[in-house]
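I have placed the structure first, in the form of structure tokens, so that the comments after it can refer back to it.
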Amino acid sequence: MNDFSALSHLECSRTGTRQDADVVAGLSPTGAPLLVRYDLDHVRATVDRDALAARPADLWRYHEVLPVRGPAHVTTLGEGWTPLLPAARYGAAISVPGLMIKDEGALPTASFKARGAAVGVSRARELGVGGIAMPSNGNAGAAWALYAARAGLASMIMMPVGAPDVCRREAVAAGADVVLVDGLINDAGRLVRERMAAEPERFAGWQDVSTLREPYRIEGKKTMGYEIAEQLGWRLPEVIVYPAGGGVGLIGIHKALQELVMLGWVEGPLPRLVAVQAAGCAPIVAAYEAGLDHAEPVEVTPSVAFGINVPTALGDRLMLTAVRETGGTAVAVGDADLLAEERAVTAAEGLFVCPEGGACLAAVRRLRADGWLDGSERVVVLNTGSGLIYPETVDYRLPLVDRDGRPAGEGSSASAGSASMGR
Ligand SMILES: *Cc1c(COP(=O)(O)O)cnc(C)c1O
């Protein structure tokens, strides 16, 4: 251990068995995700939470509870410390006056995938990894390709053809080897593993960094939890609402909250954590409602909220634990509702949210109408990306005029935008 990181070891999330953190790691021997553990007693004794305020406004301000041992290995594009914005007008309209939106669209690459990529790539570089390979619904692939470029690592990204075009272009621009897959993210994940196994020489020294197949992405995303606590003056909100795909952010926020209590930086109870999914792909909601501790495969109709189209997640048990242990819930939202909410909040607050953020806001509206929220809570919604990544989710029909201002062109209007799949 050194003063920069209190990293201690890795732990199997199912059995608690420990393993060495200083060699490249995938899943635990039981096939479960690994969790990163720190010497929190040492951090508690040596770090004054109030002194954090003087540190740089990025996620590395929490470096003692991040896994990178050497500051020289930190790969950064200035990620973290996103605004936590009151949404008073919109909150009043849905009778949740304590509503706040943490705007992750302000991060490099315009989605919160930058957090996981920054920490994951930094740690991979520190451990001597030469290249990274992963499947992605778009945002993760773009972020990891860019951070890999920043770190001088090679990358291969396999994306479903339905993933946002801009993410594909970002990854190509970053020099990644990008492969489009006529399928969903789990098909892409299988193909990554097959390709790496089939070409051992080409991929020697590479790491498969698929969601939860490496332990450090959670650590990057958990910084959302640290930031929410610090931004609220170390007084936790009552509810946090999160759009759950692979679940890394939800698992990370839960882990952060537990660490914060162990550090003595906050007091419980923990916020109730709400997992929001799209109705067309809601395995965690189905498992929650059925009282299961794991998710079963479901029929999938891909949602326009592309980041949460994840039919099978390695983190299913951890997500369900996070929701149940905190007294939270799981909610499925249809595409029409999440698109309407995307428009409504953008118009009310001037914040162009992504459809995944729209899904969370639709869930808040419903939970208030059902009485699950009583209207007195401080509710934090994670807007996990910018609406700019998904321009086609905004339909328009606009007047078109010629240079003299007279109706021009066919039907004298221009229209665009279709949130339907298969673009
Ligand atoms: C990836 C993604 C999600 C889901 O994140 P997980 O950590 O996989 O649960 C939500 N929103 C957006 C915009 C994403 O890109």
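These values consider heavy atoms only, across backbone and side chains, with no hydrogens, waters or symmetry-generated copies. The first residue of the sequence shown is numbered 1, and numbering continues consecutively from there. Computed from a predicted model, the values in this text were never measured in an experiment. Every number for a ligand or one of its atoms is a count from 1 in the order of the listing.
- Between K255 and E11 there is no salt bridge, since no side-chain nitrogen of the basic residue lies less than 4.0 Å from a carboxylate oxygen of the acidic one.
- Of all the atoms in ligand 1, the ones that sit under 4.0 Å from a non-hydrogen atom of G246 are 6 (P), 8 (O), 9 (O).
- Of all atoms in ligand 1, listed by their number and element, those nearer than 4.0 Å to a heavy atom of G247 are 6 (P), 7 (O), 8 (O), 9 (O).
- Between F112 and ligand 1, no pair of N/O atoms sits closer than 3.5 Å.
- Ligand 1 is never approached by F306 to a heavy-atom distance shorter than 4.0 Å.
- Within ligand 1, the atoms closer than 4.0 Å to a non-hydrogen atom of V248 are 6 (P), 7 (O), 9 (O), numbered from 1 in the order shown.
- Near N139, meaning under 4.0 Å from any of its heavy atoms, are these atoms of ligand 1: 13 (C), 14 (C), 15 (O).
- The shortest N or O to N or O distance between E356 and ligand 1 is not below 3.5 Å.
- Ring orientation note: the planes of Y62 and W81 are tilted relative to one another, at an angle of 30° to 60°.
- Side-chain atoms of T393 and E342 include a donor-acceptor pair closer than 3.5 Å.
- Ligand 1 places these atoms under 4.0 Å from at least one heavy atom of Y390: 13 (C).
- Counting only heavy atoms of the protein, atom 12 (C) of ligand 1 lies nearest to T384 OG1, 3.3 Å.
- In this structure, the side chain of T346 engages the main chain of L351 through a donor-acceptor pair within 3.5 Å.
- Distance check: D41 CG to S8 OG gives 10.5 Å after rounding to the nearest 0.5 Å.
- Taken from CG in L273 to CZ in R324, the straight-line distance is 13.5 Å, to the nearest 0.5 Å.
- By the 3.5 Å distance cut-off applied to N or O atoms, K113 is counted among the residues near ligand 1.
- In the model, R18 has no side-chain atom that pairs as donor or acceptor with a side-chain atom of S28 under 3.5 Å.
- Note that CE of M156 is 6.0 Å distant from CZ of R202, once rounded to the nearest 0.5 Å.
- Ring geometry for F4 against H63 counts as parallel: the plane angle stays under 30°, on a 0 to 90° scale with 60° as the upper cut.
- Listed by number with element, the atoms of ligand 1 under 4.0 angstrom from any heavy atom of G249 are 7 (O).
- Of all the atoms in ligand 1, the ones that sit under 4.0 Å from a non-hydrogen atom of Y242 are 4 (C), 5 (O), 6 (P), 7 (O), 9 (O).
- The shortest heavy-atom distance from E104 to ligand 1 is not under 4.0 Å.
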